[in-house]
Amino acid sequence: GQGTMPRTIQYSEKYNDDMYEYRHVILPSEVARMCPKNKLLSETEWRNLGVQQSRGWEHYAIHKPEPHILLFRRPLGTDPLTGKVPETFKARQANEQVVEAH
């Protein structure tokens with residue numbers, strides 16, 4: 001219920017698989033109310049909500065049961081200052097997409 005909502009934006013520890021690092025961000029109820037519903041947020045949109053994290057994080061999934069939890073991912077090796085994705089990652093992503101097409 002309402003009692004469990006944090007008063008400030010909370011950030012999880014990062015975790016990763018072999019392609020992405022991930023984290024989730026928990027919005028307090030006042031912020032969650034301003035959050036556009038059922039859409040993935042652009043970097044500008046989540047920054048406008050007050051979420052502060054380095055460049056390159058992508059809001060990639062909506063957690064339907066708990067829409068106040070934003071799920072983010074970022075390709076491993078992304079430059080946190082520029083948000084630039086490493087070339088090696090782009091190559092791997094392209095390879096994976098080719099495989100999936102069969």
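FYI, the numbering just counts along the sequence from 1.
Listed by chain and number, the residues in a side chain to side chain donor-acceptor pair (under 3.5 Å) with K37 amount to none (sequence neighbours excluded). For L40, the side-chain contact (heavy atoms from CB on, under 4.5 Å) partners are H59, I62, not counting sequence neighbours. Residues satisfying the side-chain contact (heavy atoms from CB on, under 4.5 Å) test with D17, not counting sequence neighbours, are M19, Y20, Y22. The side-chain contact (heavy atoms from CB on, under 4.5 Å) check on E21 picks up K14, N16, W57, R74, L76, with sequence neighbours excluded. Residues satisfying the salt bridge (Lys or Arg N to Asp or Glu O under 4.0 Å) criterion with K39, sequence neighbours excluded, are E45. Scored by the salt bridge (Lys or Arg N to Asp or Glu O under 4.0 Å) test, R73 finds E58 as partners (sequence neighbours excluded).
Taken to the nearest 0.5 Å, the CD1 atom of I26 stands 9.5 Å off from the NE2 atom of H63. Distance NZ/K64 to CD1/I69: 14.0 Å, rounded to 0.5 Å. We find the CG-CZ distance between L71 and R23 to be 12.5 Å, quoted to the nearest 0.5 Å.
The nearest pair of heavy atoms linking I9 to L49 is CD1-O, 3.8 Å. Taking every heavy atom of both residues into account, A32 and H68 meet most closely at CB-CB, 3.8 Å. Across P75 and G56, no two heavy atoms sit closer than the pair CD-O, 4.5 Å.
Side-chain contact check for V25 versus Q53: some heavy-atom pair is nearer than 4.5 Å. Q52 is listed as a side-chain neighbour of Y11, based on a closest heavy-atom distance under 4.5 Å.
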Validation: residues 79-87 side-chain donor-acceptor distances under 3.5 Å, sequence neighbours left out:
{"unit_1": "D79", "atom_1": "OD1", "unit_2": "L81", "atom_2": "N", "d": "2.7"}
{"unit_1": "D79", "atom_1": "OD1", "unit_2": "T82", "atom_2": "N", "d": "3.3"}
{"unit_1": "T82", "atom_1": "OG1", "unit_2": "K84", "atom_2": "N", "d": "3.1"}

